[in-house]
Amino acid sequence: MYGTTVVSLEHARKSFGDAAVLKDISLSVNHGEVVAVIGPSGGGKSTLLRCLTLLETLDGGSLSYGDLEVARDDGAGSVYAGKAVQKEAKARFGLVFQNFNLFPHYSVIKNVTDAPLHVQKRSKDEVFAHARSLLEKMGLSGKENMVPCELSGGQQQRVAIARALCLNPDVLYFDEPTSALDPELTQDVLKVIRDLAAEHMTMVIVTHEMNFARDVADRIVFMDGGRVVEEGVAADVIARPQHERTRAFLTKYEDRRS
């Protein structure tokens, strides 16, 4: 159903001081696949994303992007490849944060085009054409010269998605992309992600939106206590969780919704 493996994480371990946050996590994502990561706060979801995107380094385990080995475990811990390999790895993914992380003094168009121009060194005409096409797709035509404070939260998050997509990533990561938004704006952003899923964009989405995860993801990973407790087809995990801890989490979620 899916193509080649885009990202592979094996036996990942990460601690902060004495607190073990990731405990032997393995995860592979294939081209065209949408994986939703769910679980309680403090379960390790955001740390997982930060390790996948090289914002944190693994204590142990291996990480690869396609044929690019970013980190390997030599038995004593994770050994990272040099800066050139890490730079190439960073060109293979995009990351959308909870709180947008736009440059506040840059216009919308500059936020979207800055990295493709200055990091990827692509041609100005090609980058600006791509950026305008993405902003139109995000429903942001005519907003190119505004700065973030002139936009709603939902619009800012759609700019952030356009910025990530303008890098032509192999995989797009989302860290709770709607947690900072009210319910109406949440639906606007979720629609954008649904459309990307329909276009077979490879995505890993940390989310608390269970209905969205069930409807959009191909696979759900439930994390708790720094471990993958359950993993499977999205609709099956939500409707028929096999592990007691997953059932308890989903029941509490439904209780909060009712």
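It should be emphasised that the depicted structure is a prediction, and the values quoted were computed from it without experimental measurement. What you see below is based on every heavy atom in this structure, not just the backbone, and it leaves out hydrogens, waters and symmetry mates.
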Contact between L68 and V85 at the side-chain level, heavy atoms closer than 4.5 Å - yes or no? yes
Begin with the C-alpha distance, continue with both residues' side-chain angles, and end with the deciding distance and a verdict on side chain to side chain contact (heavy atoms under 4.5 Å, CB included) for F93 and L52. CA-CA 9 Å; F93 62 77; L52 286 168; over 6 Å; no
Consider only side-chain N and O atoms of E230 and T246, and report whether a donor and an acceptor are under 3.5 Å apart. yes
Common cluster, L172/V70, ILVMFWY with side-chain heavy-atom separation under 4.5 Å: no
In chain order, what residues pass the salt bridge (charged side-chain N to carboxylate O under 4.0 Å, His left out) check against D18, with sequence neighbours excluded? none
Would you say the side chain of V147 lies within less than 4.5 Å of the side chain of P104, judging by non-hydrogen atoms? no
Compare all side-chain heavy atoms of D170 with those of T202 and state whether any distance is below 4.5 angstrom. no
For the student: nearest non-hydrogen atoms of A217 and A36, plus distance: CB-CB, 3.7 Å
List for me each residue that meets side-chain hydrogen bond (donor to acceptor under 3.5 Å, both in side chains) alongside S28, sequence neighbours excluded, and say none if there are none. S8
Just verifying a value: how many Å separate L102 CG and C149 SG, rounded to the nearest 0.5 Å? 11.0 Å
Less than 6.0 angstrom from the centroid, inside 45 degrees of the normal: does K14 satisfy that with respect to the ring of F16? yes
Taking every heavy atom of R219 against every heavy atom of V29, the minimum-distance pair comes out as NH2-CA, 4.1 Å
Residues pairing under salt bridge (Lys or Arg N to Asp or Glu O under 4.0 Å) where one sits in residues 92-111, two or more places apart or in two chains, turn out to be D67-R92, E88-R92, K110-D114
Exactly one of V204, V237, V35 should register a side-chain contact (heavy atoms from CB on, under 4.5 Å) with V221. Which one does? V35
In Å and rounded to the nearest 0.5 Å, what is the CG to CG distance from L181 to D188? 9.0 Å
H11 and S26: which non-hydrogen atoms are nearest, and at how many Å? N-OG, 2.9 Å
Nearest-0.5 Å distance that lies between atom CZ in R163 and atom CG in N101: 6.5 Å
Filter on salt bridge (Lys or Arg N to Asp or Glu O under 4.0 Å), then keep only pairs touching residues 132-160, sequence neighbours left out; what's left? K137-E199
Nearest-0.5 Å distance, OG of residue S15 to CG of residue L58: 11.0 Å
Closest non-hydrogen atom pair between I220 and A213, with its separation: CD1-CB, 4.0 Å
Is there a path of hydrophobic side-chain contacts, each under 4.5 Å between heavy atoms of I/L/V/M/F/W/Y residues, joining L167 to V6? no
Using salt bridge (charged side-chain N to carboxylate O under 4.0 Å, His left out) as the criterion, list what pairs up with D215, not counting sequence neighbours. none
Any side-chain heavy-atom pair from L165 and L196 closer than 4.5 angstrom? yes
Taking G44's backbone N and O only, do any of them form a donor-acceptor pair with T47's side chain (distance below 3.5 Å, no angle check)? no
Y65 side chain to V171 main-chain N or O, any donor-acceptor pair under 3.5 Å? no
For D175, which residues count as a salt bridge (charged side-chain N to carboxylate O under 4.0 Å, His left out) partner, sequence neighbours excluded? none
Could you tell me whether the side chain of Q157 and the main chain of P177 form a donor-acceptor pair under 3.5 Å? yes
Between the main-chain N or O of Q242 and the side-chain N or O of R247, is there a donor-acceptor pair closer than 3.5 Å? yes
Just by modelled atom types, is the S152 backbone N or O under 3.5 Å from a matching donor or acceptor in the Q155 side chain? yes
Test R194 against F212 for side chain to side chain contact (heavy atoms under 4.5 Å, CB included), laying out the working first. CA-CA 9 Å; R194 286 177 195 271; F212 169 77; 3.9 Å; yes
Less than 4.5 Å apart, any side-chain heavy atom of P169 and any of M201? yes
Looking at CZ of R245 and CZ of F222, how far apart are the two atoms once the value is rounded to the nearest 0.5 Å? 4.5 Å
Hydrophobic cluster membership, I161 vs L95, 4.5 Å side-chain cutoff: no
Whether D74 side chain and G77 backbone form a donor-acceptor pair below 3.5 Å: yes
Report the residue from I205, T207, V206 that forms a side-chain contact (heavy atoms from CB on, under 4.5 Å) with F174. I205
Answer yes if V7 and V228 sit in the same cluster of Ile, Leu, Val, Met, Phe, Trp and Tyr residues linked by side chain heavy atoms under 4.5 Å apart, and no otherwise. yes
Do you see a donor-acceptor pair shorter than 3.5 Å between the side chains of T5 and N30? yes
Let me check something: do L185 and F100 share a hydrophobic cluster, defined by ILVMFWY side-chain heavy atoms less than 4.5 Å apart, either directly or through other members? yes
Verdict with reasoning, D59 to R13, per salt bridge (charged side-chain N to carboxylate O under 4.0 Å, His left out): CA-CA 5 Å; D59 297 331; R13 293 180 286 108; 6.0 Å; no
If we ignore hydrogens and angles and just use 3.5 Å, is the side chain of E10 paired with the main-chain N or O of L63 as donor and acceptor? no
Shortest non-hydrogen contact between T113 and A131, atoms and distance: CG2-CB, 3.5 Å
Could you check M210 against F249 for side chain to side chain contact (heavy atoms under 4.5 Å, CB included), going step by step and ending with a plain yes or no? CA-CA 11 Å; M210 297 303 136; F249 171 77; 3.8 Å; yes
Would the distance check show the side chain of T178 and the main-chain N or O of T186 forming a donor-acceptor pair, the cut-off being under 3.5 Å? no
Show your reasoning for whether side chain to side chain contact (heavy atoms under 4.5 Å, CB included) applies to R122 and H130. CA-CA 11 Å; R122 286 154 53 194; H130 189 194; 3.3 Å; yes
Taking every non-hydrogen atom, the tightest pair across H208 and E176: ND1-OE1, 2.6 Å
Counting N and O atoms only, with roles assigned by atom type, does the side chain of K45 sit under 3.5 Å from a partner on the main chain of V37, one being a donor and the other an acceptor? no
Any chance you could measure S46, atom OG, to Y173, atom OH, to the nearest 0.5 Å? 13.5 Å
